[in-house]
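Atoms within a ligand are numbered from 1 in the order they appear, just like the ligands themselves.
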Amino acid sequence: MTKIALTIAGSDSGGGAGVQADLRTFAFHKIHGTSAITCVTAQNTVGVTDVAAITPKLVQAQLAAIFDDMSVDAVKTGMLLNQEIIEAVAKFIRERNVHPLVVDPVMVSRAGVQLIDDSAVISLKTSLLPQATIITPNLYEARILSNQEINTVEEMKQAAVTIQKQLGVPVVLIKGGGLSDRYQSPDVWFDGHNGEILTGERIVTKNTHGTGCTLSSAIAANLALGKDLLTAVKEAKHYVTVALQNSLDIGQGNGPVGHFFPLLL
Ligand SMILES: Nc1ncnc2c1ncn2[C@@H]1O[C@H](COP(=O)(O)OP(=O)(O)OP(=O)(O)O)[C@@H](O)[C@H]1O
Ligand SMILES: Cc1ncc(CO)c(N)n1
């Protein structure tokens with residue numbers, strides 16, 4: 001039977017991140033992708049020039065339209081923009097017992113640009129993160145969530161434990177794309193008992209736009225396919241590495257990763 005995944009996220013006009021990256025990732029995994037759009041960004045490979053929120057009512061209506069009609073096998077959230085949207089999404093997830101749920105707590109981009117406002121950070125922590133199956137903060141986001149400095153794998157491990165315990169999230173995966181390591185891009189997993197360092201070769205490219213969106217939607221896709229969580233994460237990390245190896249030299253800034261590899265028809 002066809003599996004179905006849902007992304008609750010923002011639109012990236014440049015097509016590299018957000019809903020556009022998520023739907024391509026679902027399609028690569030042979031999963032039907034649905035989407036509830038939270039905001040529209042005017043964005044390209046260089047940066048974000050404008051953003052407008054979708055009303056919480058319309059976000060909720062998109063979610064209801066999907067869940068009233070279809071059986072959704074896995075969900076991911078990405079950029080939720082503001083407190084009202086986060087609260088609407090969190091309420092829907094609570095009421096409909098939505099799971100498995102991969103939360104990419106999008107707050108700050110790899111380039112260090114803040115993508116959501118301060119009140120939204122509080123709602124994310126209190127209303128949404130505790131409902132997640134797994135959360136996937138990048139280094140900046142993990143710093144905000146743990147209140148600690150993170151520059152090394154050792155500090156990533158400590159922060160993962162702090163976040164897991166303080167926020168009551170079952171599994172924390174801190175992404176190491178932002179580390180200054182020339183050879184590796186390790187991600188750190190902590191599930192309350194076991195810690196693991198998921199190693200991965202660092203690909204030398206400037207085209208890293210959308211890596212975080214791609215990782216979280218690949219985890220959701222693998223969960224929709226019935227894989228266990230650690231396997232889902234390991235395979236998703238491998239997918240991102242190969243997508244980076246096949247990244248696209250588009251635009252003047254950071255181009256997108258290559259979600260599809262040459263197709264032989
Ligand atoms: N140059 C790279 N080579 C290999 N893996 C990378 C590289 N950059 C990032 N990754 C991997 O990509 C995934 C996403 O991590 P990253 O830290 O880039 O997330 P992010 O900041 O949320 O991404 P973005 O905001 O650009 O979408 C992680 O698995 C990370 O290890
Ligand atoms: C819409 C959107 N979502 C997420 C990110 C983070 O990469 C981005 N740059 N844009």
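For ligand 1, the atoms sitting less than 4.0 Å from at least one non-hydrogen atom of L244 are 2 (C), 3 (N), 4 (C), 5 (N), 6 (C), 7 (C), 10 (N), numbered in the order shown with element in parentheses. Distances below 4.0 Å separate heavy atoms of M79 from the following atoms of ligand 2: 1 (C), 2 (C), 3 (N). Listed by number with element, the atoms of ligand 1 under 4.0 angstrom from any heavy atom of T208 are 26 (O). Taking a cut-off of under 4.0 Å to the non-hydrogen atoms of S185, the atoms of ligand 1 that pass are 4 (C), 5 (N), 6 (C), 7 (C), 9 (C), 10 (N), 11 (C), 30 (C), 31 (O). The contact set between ligand 1 and G210, taken as ligand atoms under 4.0 Å from a residue heavy atom, comprises 26 (O), 27 (O). Every atom of ligand 1 with a heavy atom of E201 under 4.0 Å away is listed here by number and element: 3 (N), 4 (C).
Across the listed options V188, I219, I203, I203 owns the non-hydrogen atom lying nearest to atom 1 (N) of ligand 1. Compare K175, E141, M107 by their heavy atoms: the one nearest to atom 14 (C) of ligand 1 is in K175. Among A236, A243, G212, the residue whose heavy atom sits closest to atom 27 (O) of ligand 1 is G212.
In the model, N138 has no side-chain atom that pairs as donor or acceptor with a side-chain atom of R143 under 3.5 Å. One side chain, S11 or Q20, offers a donor N or O that lies under 3.5 Å from an acceptor on the other. Under 3.5 Å, the side chains of T133 and H99 contain no donor-acceptor pair of N or O atoms. In summary, the side chains of S185 and E201 do not present any donor paired with an acceptor at a separation below 3.5 Å, with no hydrogens or angles considered. Residues Q184 and T199 bring no donor and acceptor atom of their side chains to less than 3.5 Å of each other. Side chain to side chain, Q43 and S13 fail the donor-acceptor criterion of an N or O pair below 3.5 Å.
Backbone and side-chain nitrogen or oxygen atoms of D104 are examined, and none is located within less than 3.5 angstrom of a nitrogen or oxygen of ligand 1. Distances between N or O atoms of D187 and those of ligand 1 include at least one value under 3.5 Å. An N or O contact shorter than 3.5 Å links G177 to ligand 1 by distance. In terms of polar-atom proximity, defined here as any N/O pair under 3.5 Å, H209 makes no such contact with ligand 2. Considering both main-chain and side-chain atoms, T211 comes within under 3.5 Å of ligand 1 through a nitrogen or oxygen pair.
The shell of residues lying under 4.0 angstrom from ligand 1, judged by heavy atoms, includes V240. Ligand 2 has at least one atom lying under 4.0 Å from a heavy atom of S11. At least one heavy atom of C213 sits closer than 4.0 Å to an atom of ligand 2.
A salt bridge between K234 and D228 is absent, with no side-chain N of the basic residue lying under 4.0 Å from a carboxylate O of the acidic one. A salt bridge links E95 with K91; the closest basic N to acidic carboxylate O contact falls under 4.0 Å. Using a 4.0 Å cut-off between a side-chain N of Lys or Arg and a carboxylate O of Asp or Glu, K76 and D22 qualify as a salt bridge.
When heavy-atom distances to ligand 1 are checked against a 4.0 Å cut-off, V204 has no atom that comes that close, whether in backbone or side chain. Heavy atoms of R202 found under 4.0 angstrom from ligand 1 belong to the backbone as well as the side chain.
Side-chain N or O atoms of D12 include one that pairs as donor or acceptor with a backbone N or O of G16 at under 3.5 Å. Checking side-chain atoms of K237 against main-chain N and O of L198 turns up no donor-acceptor pair under 3.5 Å.
For the residue pair K125 and I144, the shortest heavy atom distance occurs at NZ-O, 4.0 Å.
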